[in-house]
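Numbers restart at 1 for each chain; the letters A, B, ... are given by sequence-line order, proteins then strands. Note that the coordinates shown come from a computational prediction; the quantities given were computed from them, not determined experimentally.
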Amino acid sequence: MLTSAFGLHMTTLPPDTNSPAAPKSYTPHLLHKFDSPAELKQLHAHLIKTNASISVLPLPKVASVCSRGRCFPYAQHIFARSDNHDTSVWNSCLRALAEGDHPIDAVSLFYQMRTSDVLPDAFTCSFLLKACVSLLDIANGKILHGVVEKLGFGSNLFLQNMILNLYGLCGEMADAMLLFDKMPQRDVVTWNTVITQMLKRGDIEGASRLFSRMPERNIRSWTLMISGCVQCGKPKEAIDYFLKLEEESGLRPNQVTVVSVLAACADLCALDLGKRVHEYSNRSGFKTNVLVCNTLIDMYAKCGSLEEASRVFDEMEGKRTVFSWSAMIVGLAAHGRAQEALSLFSSMLQDGTEPNGVTFVGLLHACAHMGLVDEGRAFFTSMTRDYGITPGIEHYGCMVDLLSRAGLVKEAYEFIMEMPIKPNGIIWGALLGGCRLHKDIKLAEQAIQHLSVLDPLNDGYYIVLSNIYAEAGRWEDVTRVRKLMKARGVKKTSGWSKITLGGGIVHEFVAGDESHPQAEGIFRKWDELAVEMKLRGYVPNTSLVLLDIEEEQKVKFIYRHSEKLAVSFGLLNTPAGTTIRIIKNLRVCEDCHSALKLIAAISGREIVVRDRNRFHCFKDGCCSCGDYW
DNA sequence: GTAGGGTTAG
């Protein structure tokens with residue numbers, strides 16, 4: 001173990017110049033000139049040329065240059081040639097190893113150091129902790145913790161924070177909390193470290209409890225709450241933190257804050273807040289940050305505003321990355337703008353950007369939404385052949401969707417049977433969706449067989465199947481499916497819709513929701529709309545209400561669908577002429593789809609609905625999906 | 001010298 005410390009990397013060593021015959025001729029003035037690894041390299045080459053001994057180099061300086069430049073082989077070489085090791089030389093080598101992607105060797109070297117007379121100091125411990133962090137090496141981390149205590153660094157906040165972080169990263173939350181509780185002092189980093197770990201575990205409540213107890217917060221504290229909430233699927237809470245940050249902290253959001261809050265805006269369709277953040281970002285000079293730009297593109301695309309997404313894309317000052325292109329392509333695809341997605345892909349290739357798996361998901365998705373079967377097949381072949389990308393389950397999913405949507409359900413089925421990876425629920429669900437569109441009951445039953453094994457508690461699939469039966473007038477089968485759901489304990493997911501108003505405040509509606517403070521006004525607005533819609537020929541489509549109730553009840557039922565409530569609320573609470581943006585957890589139903597087309601016409605508004613798999617932009621009585629969804 | 005950042009199929 002100890003001898004292998006350097007042995008592992010002997011091949012990367014510079015050539016040995018320490019042969020017995022080497023005369024000690026060197027150029028002294030060179031020794032003090034170098035200051036960078038590159039210069040060190042030159043010097044080294046010079047020494048080899050002149051056959052000089054490397055041991056004449058001023059060791060501490062060499063070690064520190066190596067360490068700063070993470071120049072591992074030189075550090076190793078110098079170290080092995082010298083017997084004059086004081087703590088700082090050990091430290092330089094440890095640092096070069098720990099930071100230069102050789103953490104295992106750093107740990108080994110530490111054990112070697114422990115057998116020498118030289119005592120580790122706080123720097124030694126910090127480099128070692130760094131190595132343990134990159135290795136997630138909790139065993140050595142705990143040993144190191146003991147060493148830190150024994151050496152009397154128990155009150156070194158910096159080291160304590162690193163240990164805390166290591167415990168958290170290794171999943172030793174209990175130890176982390178123990179340490180946190182008994183730490184004599186804590187600084188903002190201490191708090192941030194613990195909160196980060198709690199958020200990583202999805203413990204938003206614990207994290208926000210700690211956050212509220214913090215004696216002081218910096219911009220990172222706020223940012224990690226924001227990004228933590230986004231990653232835990234709580235964008236609303238993320239936005240709440242951002243608004244509070246603006247209101248009460250007096251701190252300035254930085255680029256990371258901006259990226260995090262934009263992700264929340266994207267999730268929530270909070271376009272107004274997103275725009276405000278965009279302006280702030282431009283004012284703050286973040287325009288050159290590629291990550292900020294990519295996130296902006298994604299945010300605008302997910303808020304249904306492709307024009308603004310492409311404006312950001314066109315005006316990007318930094319070099320576009322594959323993320324920028326993919327975000328645009330995926331966005332166009334979700335809006336059903338397949339041709340534009342495809343031609344953007346050509347531009348991407350001309351630009352010399354290599355596509356990745358996500359790019360192809362976007363392309364295949366685009367093809368699926370517009371029925372471009374041949375193009376889709378070509379992309380699927382090309383991704384492996386021309387770009388060496390192995391299709392993932394998501395690509396197979398797109399292909400099954402593409403084929404079965406286009407009516408090629410049998411081929412889709414064969415495609416699934418020939419897949420080299422095990423199909424998941426999404427794959428069979430895509431086939432099931434196609435079977436519904438093309439009324440293939442037999443194949444739908446096959447799909448549901450697989451689904452009841454792969455994803456037995458997902459209500460969506462049973463509902464699609466019972467819709468298929470309902471449309472075919474097979475009511476006994478509808479009943480059978482409903483009984484099956486009951487027997488299996490499948491609960492119906494209730495649909496919800498969310499709308500975000502200008503101030504970033506999110507309003508959420510579930511079907512039949514009477515809990516909203518404005519409920520009365522919302523229902524009145526809906527009734528008004530319904531009257532006008534009927535004049536324009538709207539007939540409530542109740543065929544998909546699967547309850548055994550009177551027709552009148554059915555109408556009442558669909559009238560209370562969450563998107564209808566949300567759009568009525570939106571009309572009441574947004575200025576005339578502005579676009580209404582709604583997100584929905586399920587797919588929009590047929591009745592809501594035709595209702596929304598009419599409402600867009602009646603109100604003269606654009607209504608953008610992001611449902612669980614695409615965008616619908618309702619305008620002047622039409623929908624951007626062309627009723628193919 | 002320690003803590004926070006992005007795209008994906010139903």
Side-chain angles (χ1 to χ4, degrees), chain A residues 67 91 95 98-99 122-123 125-127 129-130 133 156-166 168-169 187-197 199-200 218-228 230-231 254-263 266 289-299 301-302 321-331 333-334 356-365 368-369 391-402 404-405 424-434 436 447 451 455 458 460-461 464 586-587 611-614:
Chain A
S67 147
N91 283 352
R95 182 180 173 195
E99 294 179 358
F123 282 96
C125 297
S126 81
F127 299 140
L129 278 166
K130 197 167 230 173
V133 164
N156 181 323
L157 204 44
F158 174 77
L159 289 178
Q160 297 294 310
N161 286 342
M162 285 188 91
I163 296 168
L164 194 60
N165 185 38
L166 179 64
L169 286 173
D187 62 2
V188 66
V189 177
T190 318
W191 289 87
N192 286 355
T193 303
V194 174
I195 291 176
T196 305
Q197 292 307 329
L199 288 168
K200 272 209 185 116
N218 61 13
I219 188 61
R220 284 190 177 212
S221 321
W222 289 95
T223 304
L224 69 93
M225 285 312 291
I226 295 168
S227 70
V230 174
Q231 270 149 29
N254 62 23
Q255 317 199 10
V256 184
T257 324
V258 163
V259 166
S260 308
V261 74
L262 285 175
N289 182 318
V290 182
L291 217 66
V292 168
C293 292
N294 293 348
T295 316
L296 279 167
I297 293 170
D298 183 53
M299 183 275 293
K302 285 200 178 133
T321 64
V322 63
F323 282 83
S324 335
W325 292 95
S326 300
M328 262 327 282
I329 290 173
V330 167
N356 66 13
V358 180
T359 321
F360 280 97
V361 167
L363 293 168
L364 294 173
H365 197 193
H369 279 305
I393 190 90
E394 63 275 26
H395 301 101
Y396 287 100
C398 289
M399 283 306 286
V400 173
D401 185 35
L402 168 76
S404 53
R405 232 183 245 273
N424 61 13
I426 296 177
I427 300 274
W428 289 109
L431 181 71
L432 181 68
R436 180 181 167 196
L451 286 165
D455 198 357
N458 189 324
Y461 302 130
V464 172
L586 305 173
R587 290 183 59 180
D611 78 8
R612 66 181 299 167
N613 63 355
R614 63 163 296 155

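- With distances taken from any side-chain atom of A:N254 to the nucleotides B:dG10, B:dG4, B:dT7, the minimum falls on B:dG4.
- When each of A:T223, A:N289, A:T295 is tested with A:Q255 by the rule side-chain hydrogen bond (donor to acceptor under 3.5 Å, both in side chains), just one qualifies, namely A:N289.
- The side chain of A:D401 lies closest to B:dG10 when the candidates are B:dA3, B:dG10, B:dT8.
- Rounded to an integer number of Å, the gap from A:Y396 OH to B:dA9 P is 18 Å.
- Looking at heavy-atom distances under 4.0 Å, A:T193 makes contact with sugar-phosphate atoms alone, never a base.
- Not a single donor-acceptor pair under 3.5 Å links the side chain of A:H369 to the backbone N or O of A:A333.
- A:Y461 comes within 4.0 angstrom of a base, heavy atoms only.
- Atom P of nucleotide B:dT7 and atom CD1 of A:I297 are separated by 13 Å, given to the nearest angstrom.
- For the pair A:L224 CG and B:dT2 P, the computed distance is 16 Å after rounding to whole Å.
- Annotation: side chain of A:S221 is not in contact with side chain of A:W191 (no heavy-atom distance under 4.5 Å).
- At the heavy-atom level, A:F123 lies under 4.0 Å from base atoms of the strands shown.
- The shortest distance between side-chain heavy atoms of A:D611 and A:N613 falls below 4.5 Å.
- Residue A:K302 places at least one side-chain N or O under 4.0 Å from the OP1 or OP2 atom of B:dT8.
- Within the nucleic acid shown, A:V330 comes within 4.0 Å of sugar-phosphate atoms alone, with no base atom in reach, counting heavy atoms only.
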Hey, mind stepping through A:M399 and A:L364 against side chain to side chain contact (heavy atoms under 4.5 Å, CB included) and telling me if it holds? CA-CA 7 Å; A:M399 283 306 286; A:L364 294 173; 3.9 Å; yes
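- The side chain of A:N192 contributes no N or O atom lying less than 4.0 Å from OP1 or OP2 of B:dG4.
- A:D187 comes within contact range of no nucleotide atom at all, as no heavy-atom separation falls under 4.0 Å.
- Within the nucleic acid shown, A:A430 comes within 4.0 Å of sugar-phosphate atoms alone, with no base atom in reach, counting heavy atoms only.
- Rounded to a whole Å, the NE2 atom of A:H369 is 13 Å from the P atom of B:dT8.
- Counting non-hydrogen atoms under 4.0 angstrom, A:T196 reaches the backbone sugars and phosphates but no base.
- The A:N289 side chain lies nearest to B:dG5 when the options are B:dT7, B:dG5, B:dG10.
- Distances were taken from every side-chain heavy atom of A:N356 (C-beta onward) to each of B:dA3, B:dG4, B:dT7; the shortest belongs to B:dT7.
- Within 4.0 Å of A:I393, counting heavy atoms only, lies at least one base atom of the nucleic acid.
- A donor atom on one side chain and an acceptor atom on the other are found under 3.5 Å apart for A:N161 and A:D187.
- For A:D298, the side chain to side chain contact (heavy atoms under 4.5 Å, CB included) partners are A:A266, A:K302, not counting sequence neighbours.
- In this structure, of B:dG4, B:dA3, B:dG1, it is B:dG1 that holds the atom nearest to the side chain of A:K130.
- Scanning atom types as modelled, one donor and one acceptor separated by under 3.5 angstrom connect the side chain of A:N218 and the base of B:dA3.
- Evaluation of atom-type donor-acceptor distances gives a pair under 3.5 Å for the side chain of A:R612 against the base of B:dG10.
- Separating the CE atom of A:M399 from the P atom of B:dG10 is a distance of 14 Å, rounded to the nearest angstrom.
- Among the protein residues, A:N156 comes within range of no part of the nucleic acid, since none of its heavy atoms lies under 4.0 Å from any strand.
- One interatomic measurement links the two molecules: CD1 of A:I163 to C1' of B:dT2, which rounds to 11 Å at whole-angstrom precision.
- In this structure, A:N91 reaches neither bases nor backbone, as no heavy-atom distance under 4.0 Å exists between it and the strands shown.
- Closest contact between the side chain of A:Q231 and the listed nucleotides B:dG5, B:dG10, B:dT7 involves B:dG5.
- Between the CG atom of A:L164 and the C1' atom of B:dG4 there is a distance of 15 Å, given to the nearest Å.
- A:T321 comes within contact range of at least one nucleobase, with a heavy-atom separation under 4.0 Å.
- Distance from the side chain of A:R220 is smallest to B:dG4 among B:dG5, B:dG4, B:dT2.
- Atoms CD1 (A:I329) and C1' (B:dT8) sit 12 Å apart, rounded to a whole Å.
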